[in-house]
Amino acid sequence: MNLLEVQDLKVHFPVQLDWRGRPTAVVRAVDGVSLTVRSGETVGLVGESGCGKSTLGRAIVRLESLTAGSIRFEGHDLASLDAAELRAARRGLQMIFQDPYGSLDPRWTIREIVEEPMLLHGLGGDRDSRRRRVTQLLAQVGLDPAAADRYPHEFSGGQRQRIGIARALAVEPHLIVCDEVVSALDVSVQAQVVNLLASLQKEMGLAYLFIAHDLAVVEHLSHRIVVMYLGRIVEEGTSAQVCRSPVHPYTRALLSAVPSPDPGASREARVRLAGDVPSPLNPPAGCPFHPRCPMAQARCRTEVPELRPMLDGRRVACLLAEE
Ligand code: SF4
């Protein structure tokens with residue numbers, strides 16, 4: 001069953017206004033994205049910094065206004081709900097952020113931080129029941145329950161991320177949007193947090209939209225992977241399809257950046273990625289990837305590739321995908 005259905009979502013930011021207050025320049029951060037997340041599934045969302053993946057995650061939990069498109073979560077159209085209805089619907093849809101320190105109020109104890117969402121949603125019963133629930137949640141994410149009376153600055157980055165996970169779990173969500181949650185952590189701590197998320201998924205049937213720029217981390221956790229470039233999806237498929245036999249040159253380039261533990265093993269022909277992501281304020285004509293694409297042809301400068309289904313079920317936006 002689809003928990004989340006995003007249809008043709010656009011998030012545009014006007015950055016220049018004329019004298020009448022009308023936009024004359026627009027950043028198309030997310031430009032027509034459709035995706036689904038099923039119950040108990042992890043969908044990885046990858047791309048370089050500036051590709052729009054974090055804006056998409058924030059738009060899904062309604063921290064950004066939508067320019068167009070729809071978001072259905074557990075059957076509710078999130079765009080059409082009033083504030084009270086949205087708060088109720090959002091109980092099942094939580095988000096964890098890259099910077100756990102920035103997202104935890106430094107003046108609050110860990111108990112207050114984890115308890116707050118329960119109070120907001122009227123959950124957890126009386127004060128004693130909520131205290132017991134906080135103790136249980138901290139144990140569930142691998143923290144000493146004695147941590148409840150301490151403050152965020154007393155914890156390491158990995159521990160703070162565990163506190164963020166405990167806070168998200170406090171309202172028993174069905175889907176958690178994880179925005180670059182391990183990017184700022186050491187590799188060994190990254191693995192611990194990823195393993196924690198995987199075991200919580202098994203235990204509680206959680207679904208994740210796992211946003212990251214590192215395809216190796218995403219591959220480990222995801223059932224399906226969506227690759228974004230300049231606000232659009234360029235490839236989507238199962239984890240094995242995207243990571244073992246990528247079709248889009250951009251996906252192949254992202255994979256080329258992942259170090260292989262076996263130097264003799266060939267994932268795919270290596271594609272080197274030159275330059276940075278172009279500005280979404282002034283994206284290239286035709287295929288937006290053409291200035292960096294080693295396979296670009298003349299028609300790539302004028303024709304915009306649609307995201308098309310391939311015979312193996314994946315979707316790819318490249319003019320040469322079937323050739
Ligand atoms: Fe490269 Fe052309 Fe495919 Fe775009 S459409 S990814 S430029 S080959």
Side-chain angles (χ1 to χ4, degrees), residues 6-12 26-36 43-57 68-69 211-219 222 224-260 266-323:
V6 175
Q7 194 64 43
D8 204 16
L9 189 72
K10 296 182 182 175
V11 182
H12 296 174
V26 171
V27 171
R28 296 168 190 275
V30 178
D31 203 21
V33 165
S34 300
L35 60 80
T36 57
V43 174
L45 183 59
V46 289
E48 292 164 286
S49 177
C51 71
K53 57 190 188 304
S54 289
T55 305
L56 174 60
I211 302 170
H213 61 270
D214 184 343
L215 202 40
V217 174
V218 172
E219 179 183 9
S222 304
R224 286 187 296 127
I225 294 179
V226 172
V227 182
M228 272 185 82
Y229 188 76
L230 267 186
R232 297 179 187 182
I233 295 175
V234 295
E235 183 159 3
E236 180 203 340
T238 65
S239 188
Q241 284 170 338
V242 171
C243 294
R244 301 282 150 75
S245 57
V247 169
H248 198 285
Y250 180 60
T251 315
R252 291 171 61 189
L254 286 181
L255 265 180
S256 295
V258 176
S260 168
S266 141
R267 273 177 178 268
E268 269 295 310
R270 299 272 150 179
V271 179
R272 212 163 288 283
L273 199 51
D276 296 323
V277 181
S279 166
L281 192 57
N282 188 21
C287 172
F289 187 54
H290 86 255
R292 305 171 78 194
C293 180
M295 296 168 68
Q297 302 183 353
R299 66 181 177 128
C300 300
R301 296 195 197 97
T302 53
E303 291 180 42
V304 180
E306 293 297 319
L307 189 63
R308 292 174 295 131
M310 303 284 109
L311 285 176
D312 63 2
R314 79 176 86 195
R315 298 192 296 163
V316 179
C318 171
L319 297 172
L320 308 187
E322 282 173 321
E323 295 179 16

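Just so it is clear, the model here is predicted, and its values are computed rather than measured. Just follow the structure's listing: the first ligand is 1, and inside any ligand the first atom is 1. We use all heavy atoms of the structure for the numbers below, so side chains are in, but hydrogens, waters and symmetry mates are not.
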Quiz item: Are there any protein N/O/S atoms under 2.8 Å from atom 3 (Fe) of ligand 1, and if so, which?
Solution: Cys318 SG
Quiz item: Is the His248 to Tyr229 ring centre distance short of 6.0 Å?
Solution: no
Quiz prompt | Partner residues of Arg232 under the salt bridge (Lys or Arg N to Asp or Glu O under 4.0 Å) criterion, sequence neighbours left out | solution = Asp31
Quiz item: Is a donor on one side and an acceptor on the other found under 3.5 Å between the side chain of His290 and the backbone of Ala285?
Solution: yes
Quiz item: Closest approach of Ser222 and Arg224, non-hydrogen atoms and distance?
Solution: CB-O, 3.4 Å
Please list every donor-acceptor pair under 3.5 Å in which a side-chain atom of residues 301-310 meets a protein atom from a residue at least two apart or in another chain.
{"unit_1": "Thr302", "atom_1": "OG1", "unit_2": "Arg299", "atom_2": "O", "d": "3.3"}
{"unit_1": "Arg308", "atom_1": "NH1", "unit_2": "Glu322", "atom_2": "OE1", "d": "3.0"}
{"unit_1": "Arg308", "atom_1": "NH2", "unit_2": "Cys318", "atom_2": "O", "d": "2.9"}

Practice problem: Using salt bridge (Lys or Arg N to Asp or Glu O under 4.0 Å) as the criterion, list what pairs up with Arg314, not counting sequence neighbours. | Solution: Glu235, Asp312
